[in-house]
Amino acid sequence: MRNKLNLFFKRVFDITAALLSFIIFAPIIIIIWILIKLEDGESVIFKQERIGYKGKPFIIYKFRSMRVDAEKNNIPKLAEEDDKRLTKTGRFIRRHHLDEFPQLWNVLKGDMSFVGPRPEREFFIKEILKINPDYVLLYQIRPGLFSEATLYNGYTDTIEKMLLRLDMDLEYLEKMSIWLDVKVILLTTLYIISGKKF
């Protein structure tokens, strides 16, 4: 299911969905921007290198949910559910997955797809590869803003959860289709609106 025609339609779908999302959610995006800026006056957008399509690095964008010195020692650390590094606004937007809105720009740029495996940092990919080298198969497609694995497995705050997510991502890779992407988007949106934790 990963022939060029399918990937072309997936890309058209990505661009269309990202543009519509920017328009529909513009008021919420602006409000979040203002709240983050008012809380501590620091930068609103968080940037971090991730590994994506064909194993190439790219810069991912998110609304900043942690203090600017969250990784002051440059040591990668997975975010925990009740992480003390989270700001008040950051805790709320992370709980409701609103920190992901800036990744719509990543989708438009072609770094990411609307649905696909979540992109990871090289440090953690190396740890995963020591246990399961099949991670490299995910490089065949763009990483996603929405993820079937995240929908059912939630945030990954341990290597064990990352390995479980990898198994689910590999399943997605085999069965991916526009219809599955639509299902993942609708279910994720429904869960966010209803306040369901995932």
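Atom set for the values below is all heavy atoms of this structure, side chains included, hydrogens, waters and symmetry mates excluded.
Using the six-membered ring where Trp is involved, Tyr135 and Tyr139 have ring planes that are perpendicular, over 60° apart on the 30 and 60° scheme. The aromatic rings of Phe114 and Phe13 sit perpendicular, their planes meeting at an angle over 60°, well past the 30° parallel limit.
Residues Leu19 and Leu108 are in side-chain contact: their nearest non-hydrogen atoms beyond the backbone lie under 4.5 Å apart. Using a 4.5 Å cut-off on side-chain heavy atoms (C-beta onward), Leu180 and Glu148 make contact. By the 4.5 Å heavy-atom criterion applied to side chains, Glu39 and Leu35 are not counted as neighbours. No side-chain heavy atom of Arg50 sits under 4.5 Å from any side-chain heavy atom of Pro57. By the 4.5 Å heavy-atom criterion applied to side chains, Ile32 and Phe92 are not counted as neighbours. Contact of the Ile178 side chain with the Asn6 side chain is not registered, since no non-hydrogen atoms from C-beta on lie closer than 4.5 Å. Using a 4.5 Å cut-off on side-chain heavy atoms (C-beta onward), Ile141 and Tyr172 make contact. Put simply, the side chain of Ser147 does not reach to within 4.5 Å of the side chain of Val184, judged on heavy atoms.
Listed by chain and number, the residues in a salt bridge (Lys or Arg N to Asp or Glu O under 4.0 Å) with Arg142 amount to none (sequence neighbours excluded).
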Test log, rule side chain to side chain contact (heavy atoms under 4.5 Å, CB included), inputs Asp111 and Ile60
CA-CA 8 Å; Asp111 298 325; Ile60 196 172; over 6 Å; no
Side chain to side chain contact (heavy atoms under 4.5 Å, CB included) between Glu174 and Leu170, worked out:
CA-CA 7 Å; Glu174 290 302 315; Leu170 291 171; over 6 Å; no
Test log, rule side chain to side chain contact (heavy atoms under 4.5 Å, CB included), inputs Phe101 and Ile28:
CA-CA 9 Å; Phe101 272 124; Ile28 297 176; 3.9 Å; yes
Could you walk me through whether Leu151 and Phe146 pass side chain to side chain contact (heavy atoms under 4.5 Å, CB included), step by step?
CA-CA 8 Å; Leu151 180 64; Phe146 287 70; over 6 Å; no
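Rounding to the nearest 0.5 Å places CE of Met176 at 12.0 Å from CG of Asp169. Taking OH of Tyr53 as the start and CZ of Phe58 as the end, the distance is 13.5 Å to the nearest 0.5 Å. The distance from the CG atom of Asp181 to the NZ atom of Lys10 is 3.5 Å, given to the nearest 0.5 Å. Atoms CD and CZ, on Glu49 and Arg121 in that order, are 11.0 Å from each other to the nearest 0.5 Å. Between the CE atom of Met162 and the CD1 atom of Ile125 there is a distance of 9.0 Å, given to the nearest 0.5 Å. Interatomic distance, Ile159 CD1 to Leu164 CG, rounded to the nearest 0.5 Å: 13.0 Å.
For Tyr61 and Phe46, the distance between ring centers is not under 6.0 angstrom.
In the hydrophobic clustering of this structure, Val136 groups with Leu138; members are Ile, Leu, Val, Met, Phe, Trp, Tyr whose side-chain heavy atoms approach within less than 4.5 Å, directly or through other members. Cluster annotation: Val107 and Phe25 are assigned to the same hydrophobic cluster (Ile/Leu/Val/Met/Phe/Trp/Tyr, side-chain heavy-atom contacts under 4.5 Å, transitive).
Side chain of Asn106 to main chain of Ile59: a donor-acceptor pair is present (N/O by atom type, distance under 3.5 Å, no hydrogens or angles). A donor-acceptor pair is defined here as one N or O able to donate and one able to accept, closer than 3.5 Å; such a pair exists between the side chain of Ser194 and the backbone of Tyr191. Panel note: side chain Gln140, backbone Leu137; a donor-acceptor pair is recorded below 3.5 Å.
The two residues Thr87 and Gly90 come nearest to each other via the heavy atoms OG1-N, 2.8 Å. Considering all non-hydrogen atoms of both residues, Lys109 and Arg11 come closest at C-NH2, 3.9 Å. When every heavy atom of Ile36 is checked against every heavy atom of Phe63, the shortest pair comes out as CD1-CB, 3.6 Å. Listed here is the closest heavy atom pair of Lys37 and Glu42: NZ-O, 3.3 Å. Nearest approach of Ile185 to Thr189, heavy atoms of both residues: O-OG1, 2.7 Å.
Within 6.0 Å of atom NZ in Lys47, 12 or fewer heavy atoms from other residues, nucleotides or ligands are found, so the atom counts as exposed in its surroundings.
Residue pairs meeting the side-chain hydrogen bond (donor to acceptor under 3.5 Å, both in side chains) criterion with at least one partner in residues 12-26, sequence neighbours excluded, are Asp14-Ser113.
A salt bridge is defined here as a Lys NZ or Arg NE, NH1 or NH2 lying under 4.0 Å from an Asp or Glu carboxylate O, and Arg94 with Glu100 fails to meet this definition.
Exactly one residue among Arg67, Arg64, Lys88 makes a side-chain hydrogen bond (donor to acceptor under 3.5 Å, both in side chains) with Asp40. That residue is Arg64.
A donor and an acceptor atom, one from each side chain of Arg118 and Thr150, are nowhere located under 3.5 Å apart.
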